[in-house]
There are 2 protein chains.
Amino acid sequence: MFQICQDRAMEKKDGKRRDKALSRDQVISAAIAILNESGESGLTFRTLAQRLATGPGAIYNHVQNKQDLLAAAADVMIQSALSVNRDELAPGAAIRAVALDVFDIIDAHPWVGMELSRAPWQPAMLLIFDRIGANLQALGVPDMAQFHAASTVTNFILGAAAQQAAAIRLHADGAQRATLLSAAARAAIHQDKKSSPFLQRMAGNLTEHDDREQFSAGVDLILRGISG
Amino acid sequence: MFQICQDRAMEKKDGKRRDKALSRDQVISAAIAILNESGESGLTFRTLAQRLATGPGAIYNHVQNKQDLLAAAADVMIQSALSVNRDELAPGAAIRAVALDVFDIIDAHPWVGMELSRAPWQPAMLLIFDRIGANLQALGVPDMAQFHAASTVTNFILGAAAQQAAAIRLHADGAQRATLLSAAARAAIHQDKKSSPFLQRMAGNLTEHDDREQFSAGVDLILRGISG
DNA sequence: ACCTGAACACCGTTCAAGT
DNA sequence: ACCTGAACACCGTTCAAGT
């Protein structure tokens, strides 16, 4: 559906003017390549221009600004993640599948999660909302309740996306996840001694749970609330 | 619990050196004042230094970096929002109250929502997690399930926080919320014609629902899943 | 019409020099 | 020990000049 094309970069060696075929799709796909390789901090109009063998200004002929660029990039990723046909699944299983597909793409490319939570009303987010909601009718949710049900699941996914993106970023920083998390928990607990009993009781789970399993359990829990 | 102090700014008029009493709390409270007045984009080490009548470098004597500053500011806001005693409430109502307190503070100060979703493992977030979890035992949730239940509610709150913060920011930009949202929805729908039937059916709700009611309904729905 | 890249108006952060 | 503010190494974005 979306071709990553890098050949443009090769033409940079000679100082000549490139063939003028720069398109919006090429800009977005180059941005995605940089984001996947170097993360959010690696994407700059200068690095992007270099990969496209042009000047920073040229990018603005195909993209409104950096927000627009990031939203378009995230949309491509989410569309690709949700392109698998799930029609054969039962409605509950289909919702679970959509949620896990989103989780997995964010797990693999944390910048997508950061971008979704930075601007929740972008096309990528509406696509997720639609795919969740499309299964509610078959699940037997009344018309009036479908909007609240879909938005609840979507908000949960959004929150988990931010959480997961941050977790991966911490991990990528080379720091031990357990160390950082328990340090944070300890700091919070320490701050007002014994006023955080639940946090203290859950310290072990916080540092050792499986993120994907936690996410999946959350989806199931919400589905139970929707169906019940 | 936390005093906003602005008197320091008054000393700036004369060119003399200020009395040296700059403290971490003063830096954070000045940052909060700027954030509440001008939003995220208004907070700069230069604007903050100006309000504190000092140089940008001085701030680093009391704060590690901007992330640290924002996390500390958000923590103050969340602590203040959750400082009301809810012990007399039934566990379900207490969880609802915590969630709505967080919603309201983000509604009033959208930068808090942005900050929470930027770094989900900061003290403010752990405090919310603790306050939610503290009511699960009384709600009759089994020990093993309490972690998943608390993290599900927390993730939902986090997602809604990002959503709400973005909504307020759009509104503050002077643009009509309905216009922008329906434009986004229309764009998403248009993109692949009739492949978004649910989004189309919900277009009206998307632009006209009440955010707080939607949030409250989401909390109720998850609570039903937890209890059921 | 589109590219080019220097220039503009900023950032967060550092650090020698002060007190 | 803490402040001061110029300087550093960047940003996103604009725009005259090219083709």
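Letters go in sequence order (proteins before strands), and every chain restarts at 1.
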Problem set entry | Side chains of A/E115 and A/Q122, donor plus acceptor under 3.5 Å | yes

For this session: Run the salt-bridge test on B/D101 and B/R96 with the 4.0 Å N-O cut-off and return the result as yes or no.
Result: no

Exercise. Roughly how many Å is it from CG in B/L52 to C1' in D/dC3, rounded to a whole number?
Worked result: 12 Å

Exercise. Rounded to the nearest Å, what distance is computed from the CZ atom of residue B/F45 to the C1' atom of nucleotide C/dC15?
Worked result: 15 Å

Exercise. With respect to the phosphate group of D/dG12, does any side-chain polar atom (N or O) of A/N65 fall under 4.0 Å of OP1 or OP2?
Worked result: no

Exercise. Does C/dT19 pair with anything, Watson-Crick or G-U wobble, both distances under 3.5 Å, and if so, with which nucleotide?
Worked result: D/dA1

For this session: Calculate the interatomic distance between A/R24 atom CZ and C/dC3 atom P; express it in whole Å.
Result: 14 Å

Problem set entry | Atom-pair distance (NZ on B/K66; P on C/dC11), nearest Å | 8 Å

Exercise. Atom CZ of A/R46 and atom P of C/dC8: how far apart are they, to the nearest Å?
Worked result: 14 Å

Exercise. Could you state the CD1-P distance from B/I59 to C/dC11, rounded to the nearest angstrom?
Worked result: 13 Å

Exercise. Would you say B/N61 reaches D/dC3's phosphate, i.e. side-chain N/O to OP1/OP2 under 4.0 Å?
Worked result: yes

Exercise. Between B/Q50 (CD) and D/dA6 (P), how many Å, whole number?
Worked result: 14 Å

Problem set entry | Short side-chain N/O contact from B/H62 to OP1 or OP2 of D/dC2, under 4.0 Å | no

Exercise. Can you check whether A/I106's main-chain N or O pairs, donor with acceptor, with A/H109's side chain at less than 3.5 Å?
Worked result: no

For this session: Please answer whether the main-chain N or O of B/M114 pairs with a side-chain N or O of B/S117 as donor and acceptor at a distance below 3.5 Å.
Result: yes

Problem set entry | Distance, rounded to the nearest Å, where B/L48 contributes CG and C/dT13 contributes C1' | 14 Å

Exercise. Looking at the side chain of A/Y60, which of C/dC3, D/dC3, D/dG12 is the nearest nucleotide?
Worked result: D/dG12

For this session: Return yes if a side-chain donor-acceptor contact under 3.5 Å exists between A/D210 and A/Q214, otherwise no.
Result: no

Exercise. In the strands shown, is D/dC10 matched to any nucleotide by a Watson-Crick or G-U wobble pair with both distances under 3.5 Å, and which?
Worked result: none

Exercise. Are OP1 or OP2 of C/dC11 and a side-chain N or O of B/T44 less than 4.0 angstrom apart?
Worked result: yes

Seminar exercise, completed: Comparing nearest nucleotides in DNA chain D, the 5'-proximal residue of the pair A/G57, A/T47 is A/T47

